[in-house]
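What follows is one structure encoded as structure tokens, with my remarks underneath.
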Amino acid sequence: MGTCYQCGTCTADCPVARHAEFNPRKLMLEPDGKLSWLCATCFKCYRCPKDVKPYEVLAEFRSRDVKEGSYPAYVRAFVDVVKNYGELDEAALFMRLLRSGKIMDISLILAALRMRRVSLPVKSECASEVRRIFEVVGNA
């Protein structure tokens with residue numbers, strides 16, 4: 001792995017950096033484990049001319065957080081929804097985040113439902129198999 005010389009290629013390619021405080025280039029200088037959870041894991045940062053691989057650095061932060069149990073509440077909500085429904089069900093995730101206080105405005109959920117971006121929660125046919133995978137893997 002090379003040494004980052006702050007060219008900005010990773011940030012220019014990052015779809016999250018356009019819409020959030022997330023900046024892969026800055027994170028290579030000043031690592032911030034909490035911001036690592038904003039990474040979309042799209043691997044576009046792999047175009048690094050120095051082969052730094054920012055995703056791997058961010059993945060290490062997330063891995064450490066999971067081992068320590070210090071990950072953000074929305075990550076737990078995401079995992080619980082997948083475990084319960086067998087796949088990501090956006091409406092169920094929205095409702096869980098709303099109940100936890102992580103989304104304060106129900107109008108976001110209603111707008112998504114109206115635009116048919118999400119539908120009402122429905123369990124996947126493979127929900128029981130996904131739950132068994134979580135049980136085998138543990139720590140979830």
Side-chain angles (χ1 to χ4, degrees):
M1 185 157 82
T3 302
C4 177
Y5 62 86
Q6 298 292 294
C7 70
T9 300
C10 57
T11 302
D13 287 346
C14 178
V16 177
R18 294 179 204 118
H19 307 288
E21 61 188 308
F22 183 76
N23 184 318
R25 180 185 62 79
K26 286 182 182 175
L27 288 171
M28 294 303 99
L29 279 179
E30 299 173 26
D32 182 338
K34 297 303 175 204
L35 288 178
S36 70
W37 289 97
L38 295 177
C39 177
T41 62
C42 67
F43 300 99
K44 289 186 177 186
C45 59
Y46 267 39
R47 274 190 349 123
C48 176
K50 294 294 280 181
D51 201 31
V52 172
K53 299 180 181 157
Y55 166 74
E56 290 181 4
V57 174
L58 300 173
E60 273 301 311
F61 282 124
R62 290 190 302 266
S63 179
R64 182 202 61 210
D65 286 353
V66 167
K67 286 176 186 165
E68 294 173 358
S70 65
Y71 44 83
Y74 64 83
V75 173
R76 176 83 260 158
F78 179 92
V79 169
D80 288 345
V81 166
V82 171
K83 187 189 302 186
N84 189 37
Y85 288 88
E87 59 187 40
L88 176 60
D89 187 295
E90 290 92 349
L93 180 61
F94 279 157
M95 295 309 284
R96 185 174 172 97
L97 292 172
L98 182 67
R99 281 194 307 267
S100 72
K102 298 300 176 193
I103 292 180
M104 303 306 283
D105 188 359
I106 196 165
S107 65
L108 172 66
I109 298 167
L110 295 175
L113 286 168
R114 270 194 307 276
M115 294 186 316
R116 301 194 195 298
R117 299 272 187 221
V118 298
S119 57
L120 294 175
V122 178
K123 280 195 179 187
S124 170
E125 293 177 14
C126 63
S128 61
E129 294 173 39
V130 171
R131 183 175 293 280
R132 276 197 305 259
I133 291 170
F134 275 98
E135 289 169 2
V136 169
V137 171
N139 198 15

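The structure displayed is predicted, hence computed values, not measured ones. As a basis for the values below, the full set of heavy atoms in this structure was taken, side chains included, without hydrogen atoms, waters or symmetry mates.
Side-chain contact between R96 and V81 is present, with heavy atoms from C-beta onward closer than 4.5 Å. In this structure the side chain of L58 never reaches within 4.5 angstrom of the side chain of W37, judged on heavy atoms. Side chains of P15 and C42 form a contact here, defined as non-hydrogen atoms less than 4.5 Å apart. Using a 4.5 Å cut-off on side-chain heavy atoms (C-beta onward), D51 and Y46 make no contact. With a 4.5 Å cut-off on side-chain heavy atoms, Y85 and V130 do not count as touching. By the 4.5 Å heavy-atom criterion applied to side chains, V57 and L27 are not counted as neighbours. With contacts defined as side-chain heavy-atom distances shorter than 4.5 Å, the pair M28/Y5 does not qualify. By the 4.5 Å heavy-atom criterion applied to side chains, C48 and T9 are not counted as neighbours.
Of all heavy-atom pairs between R18 and D13, the closest is NH2-O, 3.8 Å. N84 approaches A127 most closely through the heavy-atom pair O-CB, 3.8 Å.
Although no hydrogens or angles enter the test, the distance criterion places no donor-acceptor pair under 3.5 Å between the side chain of T11 and the main chain of N23. Between the side chain of R62 and the main chain of S36, a donor-acceptor pair closer than 3.5 Å is present. For the pair Q6 (side chain) and R25 (backbone), a donor-acceptor distance under 3.5 Å is present.
Side-chain atoms of E60 and Y55 include no donor-acceptor pair closer than 3.5 Å.
Separation of atoms NZ (K26) and CG (L35) is listed at 10.5 Å; rounding is to 0.5 Å. Considering CZ of R132 and SG of C126, their distance stands at 10.5 Å, rounded to 0.5 Å. Here the CZ-SG distance, from R47 to C7, works out to 9.0 Å after rounding to the nearest 0.5 Å. Note that OG of S70 and NZ of K67 are 12.0 Å apart. Values are rounded to the nearest 0.5 Å.
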In sequence, state the C-alpha distance, the side-chain angles, and the governing distance for D89 and L93, and then conclude on side-chain contact (heavy atoms from CB on, under 4.5 Å). CA-CA 6 Å; D89 187 295; L93 180 61; over 6 Å; no
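In the hydrophobic clustering of this structure, F22 does not group with F43; members are Ile, Leu, Val, Met, Phe, Trp, Tyr whose side-chain heavy atoms approach within less than 4.5 Å, directly or through other members.
Within 6.0 Å of the CZ atom in F78, the count of heavy atoms belonging to other residues, nucleotides or ligands does not exceed 12. Within 6.0 Å of the CD atom in E68, the count of heavy atoms belonging to other residues, nucleotides or ligands exceeds 12.
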